[in-house]
Amino acid sequence: MPDCTRELPYTTDPFDKFKEECGVFAVYGHPEAANLTHLGLHALQHRGQESAGISSSDGKTVDTFKSMGHVADIFTAGVLSRLRGHMAIGHTRYSTAGDTVLNNAQPFSVACAKGRIAVAHNGNITNAMELRNELEAHGSIFQASSDTEVVLHLVARSHQRTLADALRQALQVLEGAFSLVFLAGDRVIVARDPHGFRPLAIGRMNLAQGPAYVFASETCAFDLIDAHYVGEVEPGEMVIAGPEGLTREFFTLPLNRAQCVFEHVYFSRPDSTVFGSSVHQSREMMGRLLAAEMPVEADVVVPIPDSGVAAALGYAHASGIPFRHGLIRNHYVGRTFIEPSQAIRDFGVRLKLNPVRGILQGKSVVLVDDSLVRGTTSQKIVRMVRSAGAREVHLRISCPPTISPCFYGVDTPTKRELIAANQSIEEIRQFIGCDTLAYLSLEKLSEAVNDGDKRYCYACYTGQYPTELVNIETLMASRPNR
Ligand code: AMP
């Protein structure tokens with residue numbers, strides 16, 4: 001699960017707009033819509049920690065509040081009391097440094113001839129630049145650099161009569177990854193791109209006055225508010241929640257499925273159901289398969305918390321090596337710590353993780369983590385485990401080597417910074433300083449997520465992108481500093 005306390009974004013890259021990580025939530029038909037959205041966003045905080053926002057509506061007016069920071073700090077009782085109405089949408093956003101301005105915080109909201117509309121988005125619209133250039137050439141004025149605003153301008157310019165028709169038309173010209181939630185007049189409308197890159201789940205609450213409908217990036221947001229998981233918004237589908245209940249339709253034909261496998265590897269919470277399956281189960285299976293594929297004789301299996309825990313449990317079960325919490329995480333680390341002027345080695349990692357000497361001393365340790373991106377964190381952790389007395393350190397990664405950046409909504413560094421894109425496994429092992437290093441194979445990862453019918457995107461492990469984006473990759477590769 002993403003680390004809410006990480007201190008630095010991976011990169012300040014001109015292609016930042018491909019790197020937003022976000023969580024979205026929406027509710028229709030509940031008298032406390034904004035309060036529920038606040039709780040939903042709280043459960044989705046791990047998907048984005050830079051800014052958060054809520055728009056609520058009674059069907060006529062839209063109130064929005066958004067700010068930089070964490071959900072718990074932004075939405076005070078006073079703020080929530082001003083967000084009225086029976087429908088609301090919410091957003092948590094993480095983006096890399098250059099792009100981190102309040103202007104880009106969501107939801108975005110506009111009034112147009114067809115009524116007032118607000119939107120929140122998870123994913124990356126890969127033709128946003130072209131669409132934006134076209135819209136600007138025809139007089140649209142943009143306030144933010146985020147790709148999401150494009151959707152509102154498309155709706156505003158549409159000649160369709162109703163908001164739903166204008167939305168349908170706008171969705172048809174978008175490319176790339178989008179799970180979108182809208183407040184559109186007196187309805188909540190949600191949609192998912194035809195490849196289904198990012199998740200979007202539907203839930204239902206049974207109230208005395210009738211059902212309320214909720215939508216969220218992950219089902220952990222439903223648990224907190226006692227909503228029942230109904231299923232997924234299907235790729236290419238638009239779902240409308242209104243006085244008539246739930247209406248489902250396809251705004252376009254679904255394309256080849258490309259569900260992000262990294263949601264299961266790292267990004268989503270293990271207590272969520274994502275793309276219809278349990279994240280904890282798939283992560284544990286990754287660990288089991290890793291133990292079978294890359295065994296090692298050792299005394300103890302130690303997870304790198306929190307994201308390595310489920311895979312480490314699987315590894316321990318399958319290998320029979322005892323599972324122990326040999327690294328303890330401090331969950332209260334903020335970004336405000338000032339490093340003492342006298343340099344402390346590996347300060348950032350040590351603030352967050354501390355070894356349990358009694359578990360590690362004299363032991364041969366299997367360290368399990370979900371992923372290895374630049375390799376710098378693992379290097380520090382291995383050093384820490386050795387200095388706590390471990391005799392041997394064997395690093396096991398529960399996914400394949402990450403060799404290509406994501407353009408569909410996960411913040412991965414440029415190819416230049418991805419260690420596995422540039423070095424062999426033996427070179428990485430030497431850099432990290434462990435005794436052995438091994439990854440889960442692509443084939444076993446696919447088995448762990450039950451991908452017999454090829455529904456997942458593995459572009460970060462294969463470099464093969466499921467959309468035309470390969471052109472942008474070529475463009476990036478040709479840039480001198482990549
Ligand atoms: P590093 O290899 O030093 O870049 O760090 C790898 C660690 O970062 C792993 O333990 C992951 O849990 C975590 N990680 C992987 N992907 C991401 C991401 N997109 N954003 C933040 N952290 C990540």
Side-chain angles (χ1 to χ4, degrees), residues 1-13 15-16 18-23 45-50 92-97 100 122-124 177 198 260-270 279 283 286-287 302-312 327 329 333 335 346-350 352-353 367-385 395-423 425 427-429 431-434 437 439-440 445 457 459-461:
M1 176 174 102
D3 175 0
C4 295
T5 62
R6 71 190 151 167
E7 277 152 50
L8 283 175
Y10 271 134
T11 179
T12 47
D13 185 295
F15 284 79
D16 270 355
F18 296 112
K19 296 182 174 176
E20 288 188 39
E21 294 174 344
C22 307
Q45 180 72 85
H46 61 287
R47 297 184 69 89
Q49 301 94 47
E50 293 291 346
T92 61
R93 174 174 191 264
Y94 167 80
S95 180
T96 48
T100 305
N122 175 206
N124 282 298
R198 306 251 71 89
C260 171
V261 77
F262 200 60
E263 291 278 351
H264 275 267
V265 169
Y266 167 80
F267 201 50
S268 294
R269 273 177 39 164
V279 175
R283 249 175 233 179
M286 288 168 209
V302 170
I304 298 185
D306 291 325
S307 52
V309 172
L327 289 166
R329 175 155 172 201
V333 183
R335 285 155 195 244
D346 303 336
F347 182 77
V349 167
R350 284 218 248 162
K352 203 155 43 182
L353 292 177
L367 267 185
V368 180
D369 204 359
D370 63 277
S371 55
L372 207 150
V373 183
R374 287 185 300 207
T376 46
T377 314
S378 313
Q379 186 191 50
K380 291 171 185 170
I381 293 171
V382 167
R383 204 144 62 199
M384 183 190 278
V385 170
L395 183 60
R396 293 292 176 272
I397 305 294
S398 61
C399 72
T402 306
I403 58 160
S404 266
C406 176
F407 296 110
Y408 307 113
V410 171
D411 170 28
T412 24
T414 57
K415 209 158 184 153
R416 199 167 51 113
E417 294 167 283
L418 287 172
I419 192 165
N422 301 292
Q423 297 190 34
I425 294 185
E427 285 167 334
I428 302 172
R429 185 198 67 74
F431 171 77
I432 286 172
C434 48
L437 165 68
Y439 293 83
L440 186 66
L445 175 61
C457 170
C460 51
Y461 307 123

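In this chain, residues are counted from 1 in sequence order. In each ligand, atom 1 is the first atom listed, and ligand 1 is the first ligand listed.
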Numbered atoms and elements of ligand 1 in range of [X], under 4.0 angstrom, heavy atoms:
| X | value |
| --- | --- |
| Val410 | 19 (N) |
| Phe262 | 15 (C), 16 (N) |
| Asp411 | 18 (C), 19 (N) |
| Thr376 | 3 (O) |
| Leu372 | 2 (O) |
| Asp369 | 9 (C), 10 (O) |

Pair Thr414-Glu417, side-chain donor/acceptor within less than 3.5 Å: yes
Any residue meeting side chain to side chain donor-acceptor pair (under 3.5 Å) with Asp346, in chain and number order, not counting sequence neighbours: Arg383
Proximity flag Phe267 to ligand 1, non-hydrogen atoms under 4.0 Å: no
Any Ile304 heavy atom less than 4.0 Å to ligand 1: no
Is a side-chain N or O of [X] found less than 3.5 angstrom from the main chain of [Y], in a donor-acceptor match?
| X | Y | value |
| --- | --- | --- |
| Thr92 | Gly23 | yes |
| Asp369 | Ala312 | no |
| Arg93 | Gly48 | no |
| Asn122 | Cys22 | yes |
| Arg396 | Leu367 | no |

Carboxylate-amine/guanidinium proximity below 4.0 Å for Arg47 and Glu263: yes
Candidate with minimal heavy-atom separation from atom 11 (C) of ligand 1, of Cys406, Ser371, Cys460, Gly375: Ser371
Closest to atom 1 (P) of ligand 1 (judged by heavy-atom distance), picking from Gln379, Glu417, Lys380, Arg374: Arg374
Using a plain distance cutoff, I'd like to know if [X] has any nitrogen or oxygen under 3.5 Å from a nitrogen or oxygen of ligand 1.
| X | answer |
| --- | --- |
| Thr377 | yes |
| Ser307 | yes |
| Val373 | yes |

Side-chain heavy-atom pair Phe262, Thr412 within 4.5 angstrom cut-off: no
ring-ring contact (aromatic ring centres under 6.0 Å, His included) involving Tyr439 - partner list, sequence neighbours excluded: none
Part of Thr412 with heavy atoms under 4.0 Å of ligand 1, whether side chain, backbone, both or neither: neither
For ligand 1, the portion of Tyr266 having any non-hydrogen atom under 4.0 Å away: side chain
